[in-house]
Every structure is written in structure tokens, then in C-alpha cells.
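Worksheet: the structure to be examined is printed underneath.
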Amino acid sequence: MKMTGAQILCESLVREGVEVIFGILGGSVLPLYDTLPQYPQLRHILVRHEQGAAHAADGYARATGKVGVCMATSGPGATNLVTGIANAYLDSVSIVAITGQVARPFIGKDAFQEIDITGITLPITKHNYLVLDAGSLAETVKEAFHLTRSGRPGPVLIDLPRDVQIEQAEFHYPSRVDLPGYKPTLQGHPAQIKKAAKLINEARQPLIIAGRGVIISGAYNELKELAERAQIPVVTTLLGISCFPESHVLSYGMLGMHGMAYANMAVAAADVLITIGMRFDDRATAKVSAFAPHAHIIHIDIDPAEIGKNVRVDVPIVGDVKVVLNALNKLIISTPHIDWIEQLDGWRREHPSIEIRDTEGLLPQFVICKIYEVTRGEAIIVTGVGQHQMWAAQHCCYDRPNSIISSGGLGTMGFGLPAAIGAKVGCPGDMVWLIDGDGSFQMTIQELATIVQDNIAVKIAIIHNSYLGMVRQWQELFYGKRYVATPLSGPDYVKIAEAYGLPGLRVTRKAEVIPAIQQAMDEPGPFLIDFVVEPEENVYPMVPPGAALAEVLEAPKEKAKVLSDSAKLSVSNI
Amino acid sequence: MATTKHTLVALVTDKPGVLNRMASMFRRRGFNIESIAVGHSELPNLSRMTIVVDGTTTSVEQVRKQLDKVVDVVKVSDISGDAIISRELALIKVKATSSSRSEIIEIVDIFRASIVDVASDSVTIEVTGDEEKISSLFNLLRAFGIKEVARTGRIAMVRGEPGPLPMEEKTARAKRQK
Ligand SMILES: Cc1ncc(C[n+]2csc(CCOP(=O)(O)OP(=O)(O)O)c2C)c(N)n1
Ligand SMILES: [Mg+2]
């Protein structure tokens, strides 16, 4: 049957199971938008800035495991997507970005709103396409979805000239893709798996470092089986959080720059490291030359180019985490590592890392801890970037798989609100809490209009410290307390909420925290709480830049009086 | 030949922008590429690229893996360890006077190069060979005054039986034709 390019695109999206598109229209996608009403299965959510569309698609994809789709017009619409695409690229998220392009005869002529978006996104997409005839569009969409969700996920962009959207072509949706240059390896090499098993079985102080690859692969049970069978303690990267229940006796939290001191010490002392679906980011490894000096390293990852990129590896296993762990687990002998685990527990007792001081004033950690407690850990937590992000990672106890969504690789301020929108749209039955910084929030604050227009019941907690706090912390510690350009004003957030049309509350005292969170939960729609917190609180532990993982700075001791009610401390077995 | 220089051969699908994708990746990753030569392979739809990488400044294994990740790259091999034939073509335009011309011709003959153009004050020499041969010729000719040089960059092939590379191309082609 003959169809227009726009119809072919919509038909193809429907066949790929797309339910939601986040976007903003413009001249070069008008034919496409004009066709959308013919496909009521494709819900379009109008965002207020294309960066929000890309982040929303990203949050949707992370929360659901499906492909997120965003759409923008040519030129400025397309360039506004760039930060969101880069964010998805660095965190290996499955999104497809569809951009309008000027009509074919105008390409290369610097036409109105013409920009070379395939050129711009070359280094931040897994692959991208400029579609030059409607006849090849179905095949392109098929390939794009296959690429974005298979192997190591990553964003794919399709640039669609305006006249191709109108051009008629025969529609036939291919049943398979033809990509001779693309064959992700799923099965690990049996000889390598055997070698890994031998190392693990002979290890005295083994440690698992688990990353987002475990979540992408859905290998929760397999990871648990490996850890439990051989009694191997587990630490995670920031993006790996919630791939292993944090209340589990073998869980030792997050490693890295703001990881738990005991987790970092464990890495430094381990004799065998089993690194799974992670990529040795410098925020996780700290000084690479001093990383895990005593360990033989096993690295399981689906992307062969990650093997040996940053850290030397003794046993590389290229494959899908779930498939590889399934094979590996069969060869693992049950071994109690009693002394090793006792040592880790000792470090945890001596360096509890995330105690919350008992103060008059309202501490950000206290707020985050209470959000966790009142929501009983049932919410999907989405964060901005900064101190509040690290506290959110540290002070909630993530037991439910895939229950935190955060921008790791790119560290994109402004990610939070649109990503929370995507998560809530993807998982309407789940409670979604955004824990955002006042700086981060102001970067995509306009999406408040989106949640009101589409009634997206995101609960927003602004950790309002009147600073670009994480940068202020660095200035305090490493730049002689010269707070250049970090003091931050903002609007009255409660009035802002009201102006956009959602209820809001301000909280300045400890006693108000729990009732406010409760009120937000009782509200069926979106809700905003402005938590005005102590401005100069620091995130500890901290591995200073350039230092080795074990060289952890802990919270200054004079502030010794602590509350023992940090969520993680009360649930973890110590 | 210097052992630090690695020869990678890549087969890539003939699509617009493939070279751009590869060049963009080299630049972004900070890879030091000495030369790239591109041309048709024996198969339709597939081009063959020969890439020379200096192994002292760049991890050749990373280059190979990152190339392999480019979706349009069908196959990459590091053939440096194999017995290979490698060639480069150069055109060298040298100043020549009636008195120096015969001396130049003598050198050209020794190198089994040929003179492809003669003008009143210059001759143009065509030479093929590995980089060392071309560099030696170049050094000898320098004394006469070099006016212009064009070099192609290395192309290379494993000697004897087709190696693993063409075998898999066939399956790739078979797949494409389905
Ligand atoms: C888009 C962007 N710009 C700048 C930065 C650098 N940066 C990292 S954290 C941070 C401060 C974040 O402030 P806020 O959102 O208020 O969070 P806080 O640290 O105060 O909790 C800045 C400016 C960034 N990560 N992203
Ligand atoms: Mg702040």
C-alpha cells in the first residue's frame, strides 16, 4: 500500500511498540505532526524545551526498559536535543530521536533552520541516519530500534527532510534487519568463563563491582545467585545502584568519589574483582594507576571496546551480563569468605560513612532520608546533579530493581524534572519522586507546565541550599573557600508552583518534613516541596580528585553527635 | 619496517558519510592516524580501507575495537603480524636541468620508478613501494630540489591464501543479497 513518509514513520513506530513521543513541533515536522492524529496509539506529550523531550525519553526508557522516543523540528529544535542525546549516549540509554530537516533541494544551502544534525550528533549517537527517500524509511526505523535496544544501548537519531515526510512510497515493514557490520556478542567465551570461575573459586577476598549493565540486562537474579553462592560482597557504581538489593547482607553500597568509605577500602583490598556491566569511569575508579592494586580483574561487558580501555583486565568476558552470569554461576563453588566479610563489616562499623548529625537546622540528608522512609522505599527516585544527587544515592536504601534514575556519565543538571516526567509516564502506577537541586531545577523548570498540562503526578522535592552546592563544596575544600559564582538565588518556588498550577509547600524545620511528604503523597496529582536546608553542608565521604580510592575524606570528626536513623544504616546489617 | 606502525584493514559498507564517521571517531578518541587509504574492494557495496596507526602513541587494540563499533564497518583486522605486501604510490616533481636530468634518470632506474612527465625545468617521477623505499628515493632526490609531492598512504594485503578477511566478506555479501 502506498503511504506518505509521515505515515510510514508512524506505522513503523506503532510496529516497534512505541506508545509515547515527547516533542515540540515546528515547520519541518509539520507534515509529521499533521499525521499523528491518525495514530491515536501514539501519545504525544508536548514539552517546553527539546532538551526536556530528550531527557523525558531517557527517563521513560530507563524506567520501563523500552525505547524512549523524542521528536523535534530542524535547526534549533534539533540542537536543543543535543544535551539529552549526549546524556543518553554516556549512560547507554535506548532512545530514538526524530528530527525534521529542510526539504531535500534545500540541503546544503544554509536554508532557514537548516543545521547538519547528523554531523553534530555523530560522536554522541550509536548511529544516525539522514533519510533521503520515503522508500527506505521503514527499513531505517527498523534498524534504528534494533540498534538502540540491542547490544550496548545508545541513542539513534533519524533526520527526516520535510519533503520525504510528504513523499509517497510503498509501505512494507521489514521483519529483520540487515546490518552485516553489527553483531553484538551475547554468549561469553567458554574458556574465559572457565578462567573467571577458577579465579573466583580460588579467591580469598573477592568483590563484585556491578554497574548499569546488570540493570540493562535484567540480570538481578543471576547477580544475586553469584554473590550468594560464593559469598561475595557487592558494591555498585552510581548507575548500578538498585541492581542488587542494598539491604542485602552482602551489599556494601556505592563505590567511587562519594562512595562509602568501606566500599572503596574493599576495592583496594580485594584480590579478585568481578566487574560486571560497568566501564571504569574515573568517578568510580578515582586514580586509575592506584585502582585495586592487589586484584586480578574479571571484566564482563557487552561492549568489547570497554575491555582494557581504562584499566588493565586479566579475564575479559564479552557478552550479555545475564547470559554470561548464567554460564558462570554453574561453575562457582560455594565458599564462605568469613574473614573477608568480617573485615568489611569491621570497616563499616569504623567508617559508617553516612551518619546524619543531630542538628537544629534542616539538613538535606535528613530530608532525603525521610522521603525514603515515608515512601517506604516504594518510589522511583529521580535526581538532578550535584550534592543532592549524591545524598539521594547515599541515603536511600534501594532494594527494588531499577528504582533510581540519575544522570551519571554526563552529569547533566536539568535532567531531573524531565526525566521524572518520562519515568512517571512510563510507569504511571509507580510513585515517582524527584529529588532536585535548586540549581538543577532552574535549568529545566519550564517543564512544570508539561506536568500540569498532562497531569503527570511527579512529586518534586527541591533541596534548596541557595548554592550550586557541589561546586561550592569544591571551592570550600580546594579553592580556599572563594565562592565565585556559586551563591544562587531563585524564585519563590511555592509561588512558581502556584503560578504553573500545581500545589506547593515550603519546609524550613525538621518537624514539618514528614507531614509535608505525607501531604505530597496524599495529593493525587503533582506536588512540589521547597525544602530550605542548611546552605553549606558537604557531601562525605569524598575521594579528592587525583587521589586513590582508599584515600577517603570523611566528615570532620568534631561534628560527632549523630542521629542513627539514616535509612541505610538502620536497614543494613551492622 | 618500523614495528610500532600497525596496519589495519577495514571493510566498510559503501554509504555516504562512512569516512566521516570513522574520522570523527579517530579525532574524538584522540587516535593518531598516520594514513588512511580508501578504495573499492573486490565486492560490490564494500570499500576497503587501509589504516596505519602509530602504536607508540595510540592503543592499536582500542583503534581496532572502536572501528569495529562503527555500525557501517563490517570487519576490521590488524594484519601487522602477518606476512603482508604493502605499497604506497608517490608522484614526485623534481627540479631538473639539462645537466642534472641524466643523474635523476639513473636514480629513478635503480628504484624501478618511472618518469611520467618531463617539462623544461622539472621531471615528475612515479614510484610504488613500501614507505621506506619511497622515503629513500625522496631523500636522494632532495638534492635536486623537490617542487611537489603526492603520496597515497599505504595499502596492504596478506600474502598467499585469502586470510580470514575475505572469507567473512562472502557471508556478508550472501546476507546482503538475501
Ligand atoms: C548543565 C551543567 N552545568 C554545570 C554543571 C556543573 N555543576 C555540577 S554540580 C553543580 C551544582 C548543582 O547545583 P544544585 O542543582 O543546586 O545542586 P546542589 O549541589 O546544590 O545540591 C554544577 C554547577 C553541570 N553538572 N551541568
Ligand atoms: Mg543547590
Go through the atoms of Arg29(B) and report whether side chain, backbone, both or neither lie under 4.5 Å from a heavy atom of chain A.
-> side chain
Region of Arg21(B) in contact with chain A, defined by heavy-atom distances below 4.5 Å = both
Relative to chain B, which segment of Asp303(A) carries a heavy atom at a distance below 4.5 Å: side chain, backbone, both, or neither?
-> side chain
Given Thr121(A), which of Thr79(A), Asp159(A), Thr99(A), Asn128(A) fulfils the side chain to side chain donor-acceptor pair (under 3.5 Å) condition?
-> Asn128(A)
Salt bridge flag under 4.0 Å for residues Glu148(B) and Lys95(B) | no
Ring centre gap for Tyr182(A) and His127(A) strictly below 6.0 Å = no
Side chain from CB out, backbone as N, CA, C, O: work out which of these in Val73(B) comes under 4.5 Å of a heavy atom of chain A, or both, or neither.
-> backbone
Any sub-3.5 Å donor-acceptor pair from Ser80(B)'s side-chain atoms to Thr7(B)'s backbone N or O?
-> yes
Side chain / backbone / both / neither for Ile307(A) at chain B, heavy atoms under 4.5 Å | both
Partner of Ser86(B) by side chain to side chain contact (heavy atoms under 4.5 Å, CB included), out of Thr50(B), Ile155(B), Asp130(B) = Asp130(B)
